[in-house]
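Predicted, not measured: the structure shown is a model, and the values here were computed from it.
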Amino acid sequence: MDFAWTPEQQRFRAELRAFLAEHLPPNWEELADGPASELQSQFANGFCGKLAAAGLLVPHWPARWGGRDADPWTAFILAEEMWMAGEPRGGQYMNVNWIGPTLMRFGSPEQQQRYIPPMAQGHTIWCQGFSEPEAGSDLASLRTRAEPDGDHYRISGQKIWTSYAGYADTCFLLARTSPGKNGISIFLVPMDTPGITVRQIPSVIGEGDIHEVFFDAVCVPATAMLGGEGQAWDIVRAALSLERVGIPRFALASRALQRAVKRLQQLGRFGNGAIEQAARAQAACEAARLYSYAIIDQRAHGIIAGPEASAARYATVNAERAVGEFVVEHLPEALAGGDALLQAHHQRAIVAGIASGAAEIQLNLIATELLKLPREPR
Amino acid sequence: MDFTLTADQSALCDAIDRLAQRFDAKPIDFHGFALASAELDRELEEGSYFDIAQIPELGPLSAAMAVERLARCAHASETALSMLVRPQLPGEFARALALVENGRPGRFVAQARTLILIDGEELAIAEPAPEQLEAVHSIYAYPMGRVKGELKRNRLSAADAASIRSWLRVALAAEASGLIQAAIDSTVEHISVRKQFGRPLGSFQALRHRMAECQVLAGGLRWLMLKAAWSGDAGDAALAASHAQDSGTRIVYDLHQMLGAMGMTLEHPLHLWTYRLKALFSELGGRGGQASAVAQHCFAAA
Ligand SMILES: Cc1cc2nc3c(=O)[nH]c(=O)nc-3n(C[C@H](O)[C@H](O)[C@H](O)COP(=O)(O)OP(=O)(O)OC[C@H]3O[C@@H](n4cnc5c(N)ncnc54)[C@H](O)[C@@H]3O)c2cc1C
């Protein structure tokens, strides 16, 4: 067991920091307020193109798709540095983390040729059309229908909470092709297909983050289906195992905490109450970091993470909460025009226990699969 | 970064586990608090396990793993200070070791041949004669003892004192990690079997979630503790000890709540782990003390 970074990993982190220092504009922190805003989405397109040109967008992808077959640690160091910097890749982080790899594994050759190169070049935004008004945690109850129509499908229904939909080129969409959990299929749907309407939902997270997406008899060719009919559940499970510890939230939480403490020290307000709460928050951030590293370590050894990934997620939720509460209590002015980065962190932190599988769902998984407690009766 | 155990670490963990298994269970006829085992102590001596940290292939990280595993036993043994702190002391000192903070009773004090004395900011070492020590009856589930009269103190240099404080924190976190995990395991077992309202208690979501939260905290502590033992860094040690006292306090309450009246009995072993944990919560200044250390080592002064 070894907690040290290799010289190569240290070089890679330094390279990323140098890249960020060179390519983030001086007013980046103000820009980063609103992770899916029009400004940031535009910025992300240019920025991801530059990352790609420098070989830093998808280093962990196979060489065939523009990467260099780097290991999961490289991918995670990349994710840490980007998230800590305020995620200048915008929604494209999803392409890098799981949409690209999922297409490589399950896509047809045509789908791969069409969709993967633009992701590797950093010029395309995807959105994830899973949740519906009546299907949140209980995703399998989703009702959006895809009905065969010759060699096409007609899709009707509504998605909600869809991040990045406002500027997305393509939707990774779940729709029902028959009843039950095994009746859900995945469609790769260009967002300019007639019949799609996107409506932004104003939110506490920031401008442009979440949306409703309506599908009104949207016609897509049968070749738009990813994998076979009814395969969505298995594919999504594999894809989301990458996403559960996909965002290294502890990295920005920890940076926000350090910044808030420094400010309080400068103001002479880092007294005993604040010190105790800050220590607790810092321990929570580091626990989440090490927990997440343990999952990446499993990945690096070719092990698919089990319920420990849910524990890592929950530890991250604890960390986000501790830092968020610390700032509100001890440096309230940060959220009143005082510090754009702390405000942006606060706006995103609240999401930690909701998006990509709510915290309570993680607790259910931990109870059943890690602790082996008896299941709840259904 | 590679969390796989080395061959040496695996071999050590297997050996410790085999030994510990014999001391895992509470004897059926034991209905007390301070359950300790001289036999376990002797076997650890004979196997040279107290010197793990000094073996280059093993080091303090492996010693922390051993402390953690042994702390899960129902039978307590003075391992944490011997395995993790003694190698850092300036000179050779006999075990058992014990900590005396501001004159208060402490774990294993009556058995100790070396005492680490903390008085405010000062750290000193003493080698007491047996008649200078006495056992005290306590509900803390460790053999507790105190010092009688004056001791000859050997004051540590500021640098040594800082390093020893740090390793005391690692030792506390390693011990707490094992105690917490054993307490969780024993509670999980109980609520998986005990039925009320026609169902195992562990199938009620209110308890499932609470238990899962305890497990997340315990897992986080284990990683923080291992990292601190690996790095020897004062900040890492402070974070691990802070998390140990903070989450331990909450977990102890939750586990007793989940066991109901059974957790009040001396027949069920839960109190052996939880009341030992209670002895740890005030050590090294308690949560406030750990927080000051975190502030000192993890938040650079502006
Ligand atoms: C910022 C943000 C971005 C998002 N982006 C996307 C996106 O791009 N694409 C997409 O498809 N979705 C997205 N989501 C939706 C997200 O996946 C859902 O919010 C999530 O799955 C939870 O569903 P819900 O919000 O409907 O909550 P609900 O399912 O209504 O849950 C509400 C509360 O009840 C709890 N709960 C639910 N079921 C149980 C149970 N069985 N036991 C105990 N407690 C339970 C939950 O844990 C939660 O605390 C996003 C959400 C947010 C907040």
### Message
Applying side chain to side chain contact (heavy atoms under 4.5 Å, CB included) to Leu363(A) and Met211(B), what does each step give before you reach the verdict?
### Response
CA-CA 9 Å; Leu363(A) 292 177; Met211(B) 190 58 102; over 6 Å; no
Identify which of [options] forms the greatest number of heavy-atom pairs closer than 4.5 Å to chain A.
| options | answer |
| --- | --- |
| Leu217(B), Leu61(B), Asp236(B) | Leu61(B) |
| Gln215(B), Arg222(B), Met65(B) | Gln215(B) |
| Ala291(B), Gly288(B), Ser203(B) | Ser203(B) |
| Arg287(B), Lys227(B), Arg210(B) | Lys227(B) |
| Gly219(B), Ser242(B), Ala295(B) | Gly219(B) |
| His243(B), Arg199(B), Glu189(B) | Arg199(B) |

Should we count [atom1] of [X] as having more than 12 external heavy atoms under 6.0 Å?
| X | atom1 | value |
| --- | --- | --- |
| Ile350(A) | CD1 | no |
| Gln54(B) | CD | yes |
| Arg375(A) | CZ | no |
| Arg321(A) | CZ | no |
| Ile55(B) | CD1 | yes |

### Query
Going through the checks in order, is the side chain to side chain contact (heavy atoms under 4.5 Å, CB included) test met by Thr368(A) and Arg208(B)?
CA-CA 8 Å; Thr368(A) 304; Arg208(B) 287 163 54 83; 2.6 Å; yes
Between [atom1] on residue [X] and [atom2] on residue [Y], distance to nearest 0.5 Å:
| X | Y | atom1 | atom2 | answer |
| --- | --- | --- | --- | --- |
| Leu373(A) | Thr187(B) | CG | OG1 | 10.5 Å |
| Ile295(A) | Phe3(B) | CD1 | CZ | 10.0 Å |
| His209(B) | Gln362(A) | NE2 | CD | 10.0 Å |
| Glu376(A) | Leu207(B) | CD | CG | 11.0 Å |

### Message
Do Thr6(B) and Met1(A) have side chains that approach each other closer than 4.5 Å (heavy atoms only, starting at C-beta)?
### Response
no
### Query
Does a side-chain heavy-atom distance below 4.5 Å link Gln205(B) with Glu360(A)?
no
### Distance-minimising heavy-atom pair for Ser192(B) and Pro374(A)
OG-CD, 3.8 Å
### Heavy-atom closest contact (Gln265(A) atom, Ala300(B) atom, distance)
OE1-O, 3.0 Å
Residue part contacting chain A, namely of [X], when any heavy atom lies under 4.5 Å:
| X | answer |
| --- | --- |
| Asp2(B) | both |
| Ser292(B) | backbone |
| Leu224(B) | both |

### Message
Tell me whether the rings of Trp230(B) and Phe3(A) are parallel (<30°), tilted (30 to 60°) or perpendicular (>60°).
### Response
tilted
### Message
Assess, by modelled atom type and distance only, whether the side chains of Glu213(B) and Asn318(A) contain a donor and an acceptor separated by less than 3.5 Å.
### Response
no
Segment of [X] engaging chain B (4.5 angstrom heavy-atom cut-off):
| X | value |
| --- | --- |
| Leu370(A) | side chain |
| Trp5(A) | both |
| Ala300(A) | neither |

### Task
Before giving the answer on side chain to side chain contact (heavy atoms under 4.5 Å, CB included), spell out for Gln258(A) and Phe299(B) the whole-Å C-alpha distance, their side-chain angles and the decisive distance to 0.1 Å.
CA-CA 7 Å; Gln258(A) 289 285 343; Phe299(B) 302 118; 3.6 Å; yes
### Query
Most heavy-atom pairs under 4.5 angstrom with chain B, which of Asn364(A), Leu257(A), Ile366(A)?
Asn364(A)
### Task
Sort out for me which of Leu264(A), Asn272(A), Ile296(A), Ile275(A) touches chain B most, counting heavy-atom pairs under 4.5 Å.
Ile275(A)
### Task
Report yes or no: does Asp2(A) contribute a side-chain atom to a donor-acceptor pair with the main-chain N or O of Met1(B) at less than 3.5 Å?
no
